Structures are given as C-alpha cells and as structure tokens.
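As a basis for the values below, the full set of heavy atoms in this structure was taken, side chains included, without hydrogen atoms, waters or symmetry mates. Fair warning: this is a prediction, and the values are worked out from it, not measured in the lab.
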Amino acid sequence: EIAQCLVGSEMCIRDRYMSLNIAKDSKKRVVIVGGGFGGLKLANKLKKSGFQVVLIDKNNYHQFPPLIYQVASAGMEPTSISFPFRKIFQHRKDFYFRMAEVRAVFPEKNMIQTSIGKAEYDYLVLAAGTTTNFFGNKHIEEEAMPMKNVSEAMGLRNALLANLERAVTCSNKQEQQELLNIVVVGGGATGVEVAGVLSEMKKFVLPNDYPDMPSSLMHIYLIEAGPRLLAGMSEDSSSHAEQFLREMGVNILLNKRVTDYRDHKVTLEDGSEIATRTFIWVSGVTGVSFGNMNTSVIGRGGRIKVDAFNRVEGTNNVFAIGDLCILSGDEDYPNGHPQLAQVAIQQGELLAKNLIRLEKGKEMKPFHYRNLGSMATVGRNRAVAEFSKVKMQGWFAWVMWLVVHLRSILGVRNKVVVLLNWVWNYFTYDQSMRMIVYARKAKEIRDREAIEATTHWGKDLMQEPQPAKQEPQPNSKEIV
C-alpha cells in the first residue's frame, strides 16, 4: 500500500512497510527500542548472530545516566558522557539505527508504529527505560526541573547559573533569597548526589565567581518522603550519606511529602513552605509508555510484566529488559529487580544468547540477577558502597565509585576527558564549564518535528479496531 505525505512543500511517497527505509531480507529481524545500557548490550552481543538488528531511539546517542548530575552542576561537558550510536556501530554489518519514537506496538501484526513510519519484526525488544515520575501531579510536572537525561541536565545547569547571575544584581531581598534557595525533591542516589555537588559548588565556586555575594545566602534543601535517604541501600549506608550531607551544610527533611509548587514556593504536606526558584524533582521514575500497550501487562511503576525469560506476558516474540520491565520469576527478587544499570546489562546479555538459542531450536535460560553491589557518591572523598557482605564509606568508597564509573563510560576519548576533568577539579577545586548556553533549533528542524508529532506515514494502525485481548503468537520461522 502506497501512502502520500506532505513534508513542508515537498511530496514524498513511502511504502508503509518500508517507511524506515530498511529492506527486509532473509534474515530474522530483531528490533530494539531504546539504546540504554540494556539495549546497547543486546545490540553488541547480537553481532555476527545471523540476525538483522534495528536499533530505534529518540536520540542519536547513548548517554551515561550515573554522571548526568555532573553535567547539571557544570562539572562536566555533555559530550563526555554521551556517545553517538552511529559511531559505536560503524562498519557493523546487518545493523541499522533509526532516530524515532515508538508510538504503538501491534504483537498480532508483528509490527511497531513510530514517528517516522512502521516496521515489521520477528523479535521485538522494548528497552526504552524510564522517565520522571510526578505521581499524577500535573502542576508540579509543569513547574519542576527534572534531571533524567542530558538535555534536562543542560536545562538545569542553565537555570542554576542564570539564577546566580540574577541574584547578584537583584535588589529585592525576597526574590534574591528565592533565587539562592535550591530545593531537591527525592532522597535516592540522584538526589543525594546532586545535593552533594551543589553543596560543593556553594563552598568552592561561589566565593571565587561571585565575591560580591555572600555564599552563606545559598541554602540547599533535600526533601525525602520516606524515613531515610538511599532506601535501596542498607540503613548503615543511609545514615552515613545523611551524616556526610549534613556536614556539608545540606538541609535534609525526612518524612516530608511535597504537594505543590506555586508562587515560587514549595508546599509540603504539613502546610510548611520553602521559597525557591530552583525546584529540582528527582523523586522517582516510571516506565516509558507506548500508546496502545495492553494495560493488563503494565505493573507497578509503569513497568511491563515479563516472565523469567524477559518475555512480555501474553506474547511469544516480544521482550522487555532493563528499567522498563518487572520480572517476578526471580526468587531472590519477588517484587522485581532494582532499576540499576547492571540489571539491564545482564538482561541484555542473556537475551542475546536466548534469541540465538531460539533460532537453534534450543530452550531459553531464565534470568537470575547477579548482584554486583551498589554505590552513591556524596561529594569529594565521601561516598557509600555495598558489595555483597562488604560495606564501605568515605574515601575508599569514593575511589571505588570513580573507578567503576570511569570503566563504564564508552569511548577512550570520553574516559580520558572525564578522568582529566576529575583530576583537574580535585586539585584546583574548580569547574570550568560554567556557561549559560541555550541551543536554538533551526526552523527546518522545528517544522519537521511539528509534522512528525502530528502526521503518520501511511495508514494509522491506531485507528483500526484493536483486539480485546492480545493472544500469544506462534513462533513461526516463516519470513514476512
């Protein structure tokens, strides 16, 4: 079926089955949605596997989430923790990357619908990760500053620096204090790390960059609805993290729930308020959603329910890995695995082996998570880390955190740049990326994004009657 579409003033004709411009050959096609830790590991492990691999992501680069907070605090360049997919997979045969957003999944048709067209698959892997969870509070969603990806971190960096510049010249003392009060909501690893790095900025950067403004005017608040920080770690690590932050001058509010933000004031459940113009929300995540996903397969936190093989419930050839899925078949984690990079990496690696086993007519192996530990940094020489039965805090844990994260960054250049940044910052107490830069999209790009957001190439499958229930599809080897 041929569909005509209008792009700007040009006409184009696309086949609805070939709109991603990828020819379907005799090889089975694996479509991976999302190039995070899990999707990237899966794509790499499928090299020379005999599959045609298609990776779809809304960005053209892989980002390293554990260091996003350093971009937000102007301590690191965005390019240091990002790596282009096309660079990663240069000269790779039977591999295709497409920058697009997946809007719907049709298991009964073995097809997905994206912002640039449709694509058929033999195996589909959903690895799109999570997005910020505002728990249904639309007003907070509109007002708060999230920090889930590189672009949001750059926006937060601009807001922080612009507020400091405004505070220097502000004659209204109330507005000045609002500009210098920073409220971080969420006491997980991200909240702890961003609160710690902002405290170091107050101590080392403000006195040098803004000598005519007392750094004592800046106040950093970390608000957590639960009884302690770092709920995913032990109480010992939690108490050490809290102690480190309090020593660094961070105001920690536990058992406090944020209910609203209006007129530059954060409102808590008990009625108290904190005046601020820097309202950072890192209070949780929810799974990325797809327009027509059957609600029966959506579990806690918006995560997709999967079996022990990471196969989406009710399907035979659709899988989900990483933060996006919730697997209840692991006896050690009956409520699902923690949303950590290692879980996604291990699931991606095993799924690659299982897909190859399926093609050989062998049974798949169930997933069991090997807990390699968890860690969080609080600031210079301060961190907490847990490895099996070993727990550590302070300088040694901080060094371990540096080594683990440096090893995980993609690209030799990125590793060298990050290492040099850390060494420079450690000895000079200085961060050199304190620039306020607002990227302006070209009109061509703005027009194209507007069209892609409202126009579908070919027949819109979302408009067709949907089956009442998704039935498992036979695992046929016939090429479509």
Side-chain angles (χ1 to χ4, degrees), residues 58 65 68-69 72-73 101 103 128-164 166-167 170 172 174-195 198 218-227 229 231 250-291 293 295 298 300-303 323 339 438 449-450 453-454:
K58 64 180 180 180
I68 282 178
Y69 79 96
S73 61
E101 291 188 53
R103 293 175 175 168
T130 57
T131 187
T132 302
N133 191 354
F134 294 96
F135 303 98
N137 194 319
K138 294 297 183 182
H139 185 70
I140 287 182
E141 183 175 354
E142 293 173 359
E143 298 286 346
M145 303 177 193
M147 199 189 66
K148 191 69 177 66
N149 52 51
V150 170
S151 61
E152 290 176 349
M154 293 174 67
L156 177 54
R157 180 192 69 182
N158 287 337
L160 286 169
L161 297 177
N163 283 355
L164 291 176
R166 173 60 181 158
C170 186
N172 185 310
Q174 179 180 341
E175 181 182 347
Q176 184 185 52
Q177 194 58 63
E178 292 172 354
L179 290 164
L180 293 175
N181 285 348
I182 300 175
V183 174
V184 182
V185 182
T190 302
V192 166
E193 289 168 350
V194 73
L198 290 173
M218 176 182 277
H219 299 287
I220 302 165
Y221 298 87
L222 177 58
I223 304 175
E224 166 58 34
L229 304 176
V250 176
N251 302 293
I252 300 176
L253 305 178
L254 300 176
N255 295 305
K256 300 289 185 180
R257 189 180 302 276
V258 174
T259 59
D260 206 354
Y261 176 74
R262 294 182 186 275
D263 302 322
H264 308 299
K265 292 183 180 66
V266 173
T267 304
L268 305 181
E269 198 171 37
D270 59 9
S272 58
E273 296 179 335
I274 303 173
T276 182
R277 295 190 181 223
T278 309
F279 178 37
I280 304 172
W281 187 275
V282 289
S283 186
V285 295
T286 184
V288 170
S289 61
F290 303 96
M293 185 66 69
T295 56
I298 305 299
R300 181 171 52 86
R303 301 164 75 180
D323 293 353
Q339 291 170 296
Y438 297 98
E449 289 181 344
T454 58

CE-CG distance between Met154 and Asn149, expressed to the nearest 0.5 angstrom: 11.0 Å
Backbone of Leu254 reached by a side-chain donor or acceptor of Glu224 within 3.5 Å: no
Under 3.5 Å donor-acceptor, Tyr261 side chain and Thr276 backbone: yes
Spacing of CG belonging to Leu156 relative to CG belonging to Leu161, to within rounding of 0.5 Å: 9.0 Å
Side-chain heavy-atom pair Arg166, Arg277 within 4.5 angstrom cut-off: no
Option among Ile68, Val184, Ile182 that satisfies the side-chain contact (heavy atoms from CB on, under 4.5 Å) test with Val194: Val184
Residue pair Leu180, Leu164: steps toward the side chain to side chain contact (heavy atoms under 4.5 Å, CB included) verdict: CA-CA 7 Å; Leu180 293 175; Leu164 291 176; 3.7 Å; yes
Backbone of Thr267 reached by a side-chain donor or acceptor of Thr259 within 3.5 Å: yes
Note: Glu101-Lys58 ion pair, threshold 4.0 Å (strictly below): no
Which atom of Leu198 lies closest to which atom of Met218, heavy atoms considered: O-SD, 4.5 Å
Backbone N/O of Asn133 and side chain of Trp281: donor-acceptor pair under 3.5 Å: yes
Donor-acceptor contact below 3.5 Å, side chain Gln339 vs main chain Asp323: yes
Tyr221 and His219 aromatic ring geometry - parallel, tilted or perpendicular at 30°/60° bounds: tilted
Closest heavy-atom pair and its distance - Phe134, Ala144: CE2-CB, 4.2 Å
From CG (Leu179) to CG (Leu160), nearest 0.5 Å: 11.0 Å
Step-by-step side chain to side chain contact (heavy atoms under 4.5 Å, CB included) determination, Val185 to Phe279: CA-CA 8 Å; Val185 182; Phe279 178 37; 3.5 Å; yes
Donor-acceptor under 3.5 Å (Asp270 side chain, Ser272 main chain): yes
Rounded distance [0.5 Å steps], CD in Glu141 versus NZ in Lys138: 4.5 Å
Between CD1 on residue Ile223 and NZ on residue Lys256, distance to nearest 0.5 Å: 9.5 Å
Side chain proximity check, Val258 to Leu268, heavy atoms < 4.5 angstrom: yes
Sidechain-backbone polar pair: Asn137 side chain, Asp260 backbone, donor-acceptor under 3.5 Å: no
Rounded distance (nearest 0.5 Å) linking atom NE2 of His264 with atom CG of Asn181: 12.5 Å
Which atom of Met145 lies closest to which atom of Thr278, heavy atoms considered: CE-CA, 4.0 Å
